[in-house]
2 protein chains.
Amino acid sequence: MPARTGRPPKISKTDILTAAHRVIDEEGTQALTMRRLAREVGTTPMALYHHVRDKDELLLLLLDEYAAGVPRPEPPAGAGPGERVVAAAVAMREALTRVPWIVEVLRADDLMSARALWYPEEIIDAAVQAGLTPEDAVDAYRIIWHYTAGEISARSAAARRREDDRPTHRGRVFEDLDATRLPRLAALGPRWEELTSRDTYDKGIRALVRGLLPRP
Amino acid sequence: MPARTGRPPKISKTDILTAAHRVIDEEGTQALTMRRLAREVGTTPMALYHHVRDKDELLLLLLDEYAAGVPRPEPPAGAGPGERVVAAAVAMREALTRVPWIVEVLRADDLMSARALWYPEEIIDAAVQAGLTPEDAVDAYRIIWHYTAGEISARSAAARRREDDRPTHRGRVFEDLDATRLPRLAALGPRWEELTSRDTYDKGIRALVRGLLPRP
DNA sequence: ACCTGAACACCGTTCAAGT
DNA sequence: ACCTGAACACCGTTCAAGT
């Protein structure tokens with residue numbers, strides 16, 4: 001092993017990732033810029049590029065770091081395959097809910113940190129146990145993933161909307177619905193806000209499992 | 001009606017929206033910036049702010065304009081409620097697929113152009129016909145919406161990825177899977193790309209309908 | 001009433017130079 | 001080997017002034 005030469009490092013990858021994590025946790029994904037991050041770790045924007053190729057790579061590293069902190073949970077003992085799928089999906093959603101920005105990074109590549117692949121593994125395995133072919137089990141996983149990603153991103157967008165309290169477009173639209181063209185919505189109108197703020201993830205995932213797995 | 005006074009307009013809202021539409025169609029959402037749009041219609045960025053409050057309002061107007069072009073399809077004649085839900089969901093997804101950027105605008109506010117509310121109306125109505133309470137019908141619609149939004153945005157992200165052909169993170173991850181920890185994925189590994197490029201929207205929506213509506 | 005110009009406070013990234 | 005400075009080519013938006 002040759003002696004390390006040249007200028008000694010001032011900042012490390014770890015410094016960068018720690019700071020990035022902090023910024024995202026405190027102010028959300030859109031606050032994470034290379035320049036902001038540089039300020040946070042006390043260097044110039046360009047120093048960062050010596051440690052990561054570009055912003056995309058930074059996000060991937062962040063994702064990996066986060067995934068490392070998610071423990072692989074045990075499947076519920078004595079549960080049938082359907083319950084195993086539900087448990088894995090609920091755990092996956094739970095893990096992602098605290099970090100909805102990840103869904104945006106992930107969208108292009110599915111759940112692609114090697115450390116988080118436990119979720120698809122468990123869902124696919126349970127689906128095969130339930131009697132699906134491997135191909136159908138992959139379809140089932142992808143359908144569940146699409147549902148989960150959609151739910152998380154809708155919920156985090158709704159949370160953001162509640163924060164800035166300017167009147168929503170939705171509110172204005174629901175105030176003057178044409179009751180003859182849209183009778184159901186017009187009748188539900190006053191309760192729409194309340195009805196659509198309920199957490200229906202569980203209900204949806206159970207419906208999917210009922211519809212996707214063969215009846216026992 | 002008083003005579004119009006002052007400087008005659010050089011550009012109209014319609015000019016702006018037409019140009020915006022063109023830019024998005026040709027180069028995608030991320031190409032639509034106020035400055036770029038100004039160049040396109042032949043003015044300064046600031047002139048635009050005389051016609052729209054800000055970029056968000058512009059996106060909402062664009063959404064509305066697009067929704068106006070989506071005809072209200074007839075529910076399939078003689079079909080049961082389950083088939084009506086499937087048909088409406090498939091039509092909704094079809095309408096959105098050509099304009100995936102809309103899903104991002106929509107995410108915060110559900111399907112909130114008054115002109116596109118036919119989709120939730122039809123889905124909720126069919127669900128009530130099938131025997132659900134209005135509350136359960138709203139849940140069913142939202143679950144279907146989350147699934148649909150997730151599917152569309154995953155698919156459009158995948159399409160974008162296919163365009164720039166640098167090797168994907170996913171590819172690298174799937175090359176060295178730990179077969180003892182993740183046996184199912186390791187076995188599927190070589191076929192993952194092929195298996196996850198299939199269109200499974202229909203399969204998912206049918207599973208949801210089976211799982212959400214009471215059995216006939 | 002409508003448009004312009006200059007300005008503010010930002011982005012990600014490249015490139016050449018410094019220690 | 002690692003960091004810096006200046007620069008490029010962008011953003012959305014405000015504000016004061018012009019026609």
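Here is the naming used below: chain letters follow the sequence lines, and residue numbers restart at 1 for every chain.
- In this structure, CG of Leu59(A) is placed 12 Å from C1' of dG12(C), rounded to the nearest angstrom.
- Within the model, atoms CZ of Arg115(B) and CG of Leu117(B) stand 11.5 Å from one another, a figure rounded to the nearest 0.5 Å.
- As a whole-Å value, the separation of Leu48(B) CG from dC3(C) P is 9 Å.
- For the side-chain contact (heavy atoms from CB on, under 4.5 Å) with Met34(A), the lone residue among Lys55(A), Arg39(A), Met46(A) that qualifies is Lys55(A).
- dC10(C) and dC8(D): their C1' atoms are spaced 15 Å apart (whole Å).
- Between the P atom of dT14(D) and the CE atom of Met34(B) lies a distance of 10 Å, rounded to the nearest Å.
- Distances were taken from every side-chain heavy atom of Arg35(B) (C-beta onward) to each of dC3(D), dG12(C), dC11(D); the shortest belongs to dC11(D).
- dC2(C) atom C1' lies 12 Å from atom CD1 of Ile16(B), rounded to whole Å.
- Pair check for dA1(C) finds dT19(D); Watson-Crick or G-U wobble, both atom distances under 3.5 Å.
- Between Thr97(B) and Arg155(B), the side chains place a donor N or O and an acceptor N or O closer than 3.5 Å (distance only, hydrogens not considered).
- Between dC11(C) and Arg39(A), a contact under 4.0 Å exists linking OP1 or OP2 to a side-chain N or O.
- Between the CE atom of Met46(A) and the P atom of dA16(C) there is a distance of 15 Å, given to the nearest Å.
- For Lys13(A) and dA1(D), the NZ to C1' distance is 15 Å, given to the nearest whole Å.
- Not one side-chain nitrogen or oxygen of His50(B) sits closer than 4.0 Å to the OP1 or OP2 atom of dT4(C).
- Taking atom OH of Tyr49(A) as the reference point, atom P of dG5(D) lies 17 Å away to the nearest angstrom.
- Here Arg191(B) pairs with Glu135(A) in a salt bridge; the nearest charged N to carboxylate O distance falls below 4.0 Å.
- At the phosphate of dC3(D), OP1 or OP2 sits under 4.0 Å from a side-chain N or O atom of His51(A).
- With a 3.5 Å ceiling on both atom-pair distances, dC11(C) lacks any Watson-Crick or G-U wobble partner.
- Phosphate proximity of dC3(D) to Thr44(A): absent, as no side-chain N or O sits under 4.0 Å from OP1 or OP2.
- When the side-chain nitrogen and oxygen atoms of Lys10(A) are compared with OP1 and OP2 of dT4(D), one or more of them lie within a distance under 4.0 Å.
- Taking the six-membered ring for Trp and thresholds of 30 and 60 degrees, Tyr201(A) and Tyr147(A) have nearly parallel ring planes, at less than 30 degrees apart.
- A straight line from CZ of Arg36(A) to P of dA9(C) spans 16 Å, rounded to a whole angstrom.
- Each of dT4(C), dC3(D), dT13(C) was ranked by its minimum atom distance to the side chain of Thr43(A); first place goes to dC3(D).
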